[in-house]
There are 2 protein chains.
Amino acid sequence: MTPTVPTLRDTIAEDLRTQITTGHLKSGDRLPSEPKLATHYKVSTPTVRQALALLQAEGLIEKTHGKGNFVRTPLRRITYTGGTGIPFAPDLQTTIRTTTVRARGHIRTLLKVPSNSPLTEFQCTTYEGETPRSVARIYIPRDLAPTARLASSSWPGGRDVDRTETQETVTARLPTPEEASALRISPTRTVLTITRIALNSTGRVLEAALLALPSDAADAVFTTHPTLKEETDR
Amino acid sequence: MTPTVPTLRDTIAEDLRTQITTGHLKSGDRLPSEPKLATHYKVSTPTVRQALALLQAEGLIEKTHGKGNFVRTPLRRITYTGGTGIPFAPDLQTTIRTTTVRARGHIRTLLKVPSNSPLTEFQCTTYEGETPRSVARIYIPRDLAPTARLASSSWPGGRDVDRTETQETVTARLPTPEEASALRISPTRTVLTITRIALNSTGRVLEAALLALPSDAADAVFTTHPTLKEETDR
DNA sequence: GAGTGGTCTAGACCACGAG
DNA sequence: TCGTGGTCTAGACCACTCA
């Protein structure tokens, strides 16, 4: 059903796609310029551009204004592991900026703290070489925040306090302009977002974290060992 | 930095967006036709269409060939809860088709079974009224599959066997053509995919599940209660 | 300055939905 | 049949990159 006739842009995209996947066009290669592709395929440039937009959405090519269209070097996928701090992979560097902010809006709701109560905000960016691979904002009530050992390996709001539960919500959406520029991706490329809150045994929220990762090169992995409660409460 | 000048399509999209969010245009309303919008904004129709494409990507409007562009009735978000069977929300109906297939390719790797070993495949679609909200393919080695009680509330591969670990990988990507038609979404709308495997205490894979949900109306929630092992192994 | 992609125009024709 | 959106054309001009 719905055997719709492939459009010109689809057939052009399909042709380029096979050239890429068969290795005819290699990683990092520059594609012919758009006018050249247009004359080659005997179509107008907008049609070529629509085909390229498809390949861009699939993550196969990268467009750079003034330089050309390039076969995308496949990014190694990075993995966010549930319950941990920030995405992890070998050879990732992380920069962290720490500021103090006042609780408001969504963050306040997540942390269940009064309005304007002081929070420590960690702005984390993970890099692979020069390429940003994830951004995170982590908020911790200031009376819980570690102060002097940010450079240590232990994570803020981490394992030294009793942390009994971590709730993580995963969604995909278009990036905010800030996220797009921080990750250096096009505003049309979706990001995988993770909203995480950590609770202690009294139900107090120890931490709220908002993470964003380019969805075409990121996975989030969660491993659950069912507890007795989960086994019985249904 | 990068205070790029907003383009025509951006300003048009922004105007329509505020009209929608302020309630000027209500849920289900038909937008003026594209030529009318073009004359109203004093641009050409392709420019209007680019603006509409942005709103479509954001999930704010729905385009229907031959009928018009409509403000999208915001879909209630559905939630997939980590470790469970399929997405859940009130008033969701589920259809399940069961077949027997032979293990091969990716599925075989996930289940760690020999090639061509028999599997029971559950093809699940979750509906909210007439609207499909999730699709799932669940594979279980046939010797583990429940046979006579599919209609019961217990889930295949479920809690009656010792299931000690569930690993779930969450990604976002463009839907396959099959997923797009099954979910009745445009092939350009990303889906949130969940790949889940369940292990028993011997490490045997009890189940492999592939789920896909439209990412603009779905969340995946994972709650982890750290075990002693997780606490200590770092 | 040469070459590239980004934006936009002002049309054309086709395909779909509904009366 | 009519109005709608979908596809496509053949240009124009601007903005960016690099030599």
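In what follows, chains carry the letters A, B, and so on, assigned in the order in which the sequence lines appear, proteins first and then strands, with residues in each chain numbered from 1.
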For atom [atom1] of [X] and atom [atom2] of [N], their distance in whole Å:
{"X": "B:Arg9", "N": "D:dC14", "atom1": "CZ", "atom2": "P", "value": "18 Å"}
{"X": "B:Gln50", "N": "C:dG6", "atom1": "CD", "atom2": "P", "value": "11 Å"}
{"X": "B:Leu52", "N": "C:dC8", "atom1": "CG", "atom2": "P", "value": "14 Å"}
{"X": "A:Leu55", "N": "C:dG5", "atom1": "CG", "atom2": "C1'", "value": "15 Å"}
{"X": "B:His65", "N": "D:dC2", "atom1": "NE2", "atom2": "P", "value": "17 Å"}
{"X": "A:Phe70", "N": "D:dC16", "atom1": "CZ", "atom2": "C1'", "value": "13 Å"}
{"X": "B:Glu34", "N": "D:dT7", "atom1": "CD", "atom2": "P", "value": "11 Å"}
{"X": "B:Leu8", "N": "C:dT9", "atom1": "CG", "atom2": "C1'", "value": "11 Å"}

Got a salt bridge between A:Arg173 and A:Glu179, using NZ or NE/NH1/NH2 to carboxylate O under 4.0 Å?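 Answer for the salt bridge query: yes.
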Pair B:Glu58 + B:Arg72: basic N to acidic O under 4.0 Å: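 Salt bridge flag = no for B:Arg72 with B:Glu58.
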Considering non-hydrogen atoms only, spot the tightest contact between B:Arg76 and B:Glu128 and give its length.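 Looking at all heavy atoms of both residues, the closest pair is NH2-OE2, 2.6 Å.
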Would you tell me if any nitrogen or oxygen in the side chain of [X] comes within less than 4.0 Å of OP1 or OP2 on [N]?
{"X": "B:Thr47", "N": "C:dT9", "result": "yes"}
{"X": "A:Arg30", "N": "C:dT4", "result": "yes"}
{"X": "A:Lys67", "N": "D:dC16", "result": "no"}
{"X": "B:Asn69", "N": "D:dG5", "result": "yes"}

Looking at the side chain of B:Thr7, which of C:dT7, D:dG5, C:dT9 is the nearest nucleotide?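 Among C:dT7, D:dG5, C:dT9, the one nearest the side chain of B:Thr7 is C:dT7.
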Indicate whether the side chain of A:Asp219 and that of B:Thr171 have a donor and an acceptor atom separated by less than 3.5 Å.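 Present: a donor and an acceptor within the cut-off.
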CZ/A:Arg184: more than 12 non-hydrogen atoms of other groups inside 6.0 Å: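 Counting neighbours around CZ of A:Arg184, more than 12 heavy atoms of other residues, nucleotides or ligands fall under 6.0 Å, so yes.
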Please figure out whether B:Gly68 or A:Lys42 has its closest DNA chain D nucleotide nearer the 5' end.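 Between the two, 5'-proximity favours B:Gly68.
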Upstream residue (5' side of DNA chain C) when A:Ser33 and B:Thr45 are each assigned their closest nucleotide: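 Mapping each residue to its closest nucleotide by heavy atoms, the 5'-most match is A:Ser33.
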What is the nucleic acid contact for B:Arg49, judged by heavy atoms within less than 4.0 Å: base, sugar-phosphate only, or nothing?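 Counting heavy atoms under 4.0 Å across all strands, the contact made by B:Arg49 includes a base.
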